[in-house]
Amino acid sequence: MMNIHQLFQLQKLDTEIDEKKKRLGEVLKAQKEPESLLKKRQRAETAAAELQTWQTKHQDLTLEVGSVTTKAKNSENRLYSGKVTNPKELSDLQQEVESLGRRKALLEDEVLEALVMVEDAQAEKTAADDELETAVADWEKQSTHLKAEQNELALSLHKLMQSRKGKAAAVDAPALNEYEQLRKGRHGLAVAALRINVCQGCRTSVSANKVKEANEGRKVYCGGCGRLLAAM
Ligand SMILES: [Zn+2]
């Protein structure tokens with residue numbers, strides 16, 4: 001024998017659980033970082049990569065200057081060592097020293113340019129990091145209440161579901177089965193309250209005969225929406 005009031009209690013719990021689950025979904029979604037913050041994150045990442053690129057470039061050029069300097073010094077030492085007497089070889093060495101000197105001057109210009117780029121990239125990175133830090137702090141401040149609501153919802157859902165387990169276990173299997181089936185097709189509402197003679201699920205008026213039956217605790221369905229009716 002179906003106990004309609006038992007089912008109505010279960011329905012009330014399920015409705016509350018459904019609402020809280022829906023709200024939890026919204027709260028989780030609202031905690032996703034906004035586009036403006038993602039853009040600032042992107043800017044900081046790009047700035048860091050750019051700085052890294054120029055630092056590497058500056059380092060490589062500095063090493064190259066060192067190696068060209070050593071090479072030029074060696075050639076120069078040999079040129080003035082007195083050990084080389086062949087005029088052709090001396091002339092070649094002279095030319096090499098000059099050529100390395102020109103190469104070194106060019107490289108030193110590039111080192112300076114790279115250094116300027118490193119400084120610019122460093123400034124951009126500092127600005128981007130500062131902007132991101134402020135935006136993250138603002139966002140965390142804004143989303144604190146969402147986090148709190150999320151925790152509250154999770155806790156309350158846990159309690160409601162525990163309580164639902166107990167209530168569902170008290171309902172006999174066929175009635176519970178029918179209840180679940182009705183819920184599926186009717187936006188989660190299987191049992192509607194009957195107030196005076198109106199179904200609160202679909203606002204349809206219910207015949208006097210059905211009202212009477214519902215008041216006697218019998219199994220009555222709304223003609224409008226097919227839900228079970230629980231007399232208040
Ligand atoms: Zn109805």
Side-chain angles (χ1 to χ4, degrees), residues 1-42 135-232:
M1 164 82 196
M2 179 178 277
N3 183 333
I4 190 70
H5 290 286
Q6 222 176 20
L7 280 185
F8 188 63
Q9 292 309 311
L10 187 61
Q11 176 68 72
K12 280 208 284 195
L13 257 183
D14 276 337
T15 300
E16 199 180 346
I17 288 171
D18 289 348
E19 278 164 5
K20 286 207 186 324
K21 276 185 179 166
K22 185 165 169 255
R23 179 63 195 152
L24 183 59
E26 286 165 0
V27 165
L28 288 173
K29 213 170 144 190
Q31 281 179 83
K32 269 173 67 179
E33 288 192 343
E35 192 63 28
S36 59
L37 181 52
L38 293 176
K39 278 203 178 116
K40 290 184 174 72
R41 220 177 262 295
Q42 184 66 50
V136 166
D138 281 354
W139 174 243
E140 275 170 3
K141 216 156 96 190
Q142 267 185 57
S143 52
T144 305
H145 70 281
L146 288 171
K147 186 86 204 155
E149 191 181 354
Q150 179 195 326
N151 291 340
E152 230 168 75
L153 282 167
L155 191 67
S156 125
L157 268 170
H158 176 74
K159 282 185 192 157
L160 284 167
M161 273 143 106
Q162 286 298 109
S163 159
R164 197 235 183 235
K165 222 185 252 176
K167 282 214 162 43
V171 178
D172 64 68
L176 190 61
N177 192 40
E178 184 182 357
Y179 168 83
E180 299 289 10
Q181 288 305 317
L182 276 172
R183 243 166 79 72
K184 267 182 206 158
R186 288 168 182 78
H187 306 292
L189 193 69
V191 185
L194 179 64
R195 281 189 212 284
I196 323 281
N197 66 337
V198 176
C199 163
Q200 300 298 303
C202 70
R203 307 279 155 187
T204 299
S205 296
V206 176
S207 71
N209 195 34
K210 278 191 179 178
V211 172
K212 184 173 166 283
E213 282 180 3
N215 281 331
E216 286 162 2
R218 290 163 67 182
K219 194 170 158 184
V220 179
Y221 297 92
C222 169
C225 63
R227 294 183 172 100
L228 282 161
L229 292 168
M232 292 295 101

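Both counts, for ligands and for their atoms, begin at 1 and track the order of listing. What you see is a predicted model, and the numbers here were worked out from it, not measured in a lab.
Salt bridge status for E26 with R23: present, with a side-chain N to carboxylate O gap under 4.0 Å.
Q11 and T15 share a donor-acceptor pair across their side chains, judged by distance under 3.5 Å alone.
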Would you list the atom pairs, donor with acceptor, under 3.5 Å between side chains in residues 189-204 and any protein atom, with sequence neighbours excluded?
{"unit_1": "Q200", "atom_1": "OE1", "unit_2": "R203", "atom_2": "NH1", "d": "3.1"}
{"unit_1": "Q200", "atom_1": "NE2", "unit_2": "V198", "atom_2": "O", "d": "3.2"}

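With sequence neighbours excluded, the residues that form a side-chain contact (heavy atoms from CB on, under 4.5 Å) with L28 are L24, Q31, Q150. Considering only residues two or more places apart in sequence or on other chains, K167 meets the salt bridge (charged side-chain N to carboxylate O under 4.0 Å, His left out) condition with none of them.
Protein atoms of type N, O or S found under 2.8 Å from the Zn ion (ligand 1) total 4.
Rounded to the nearest 0.5 angstrom, Q6 CD and L176 CG are separated by 9.5 Å.
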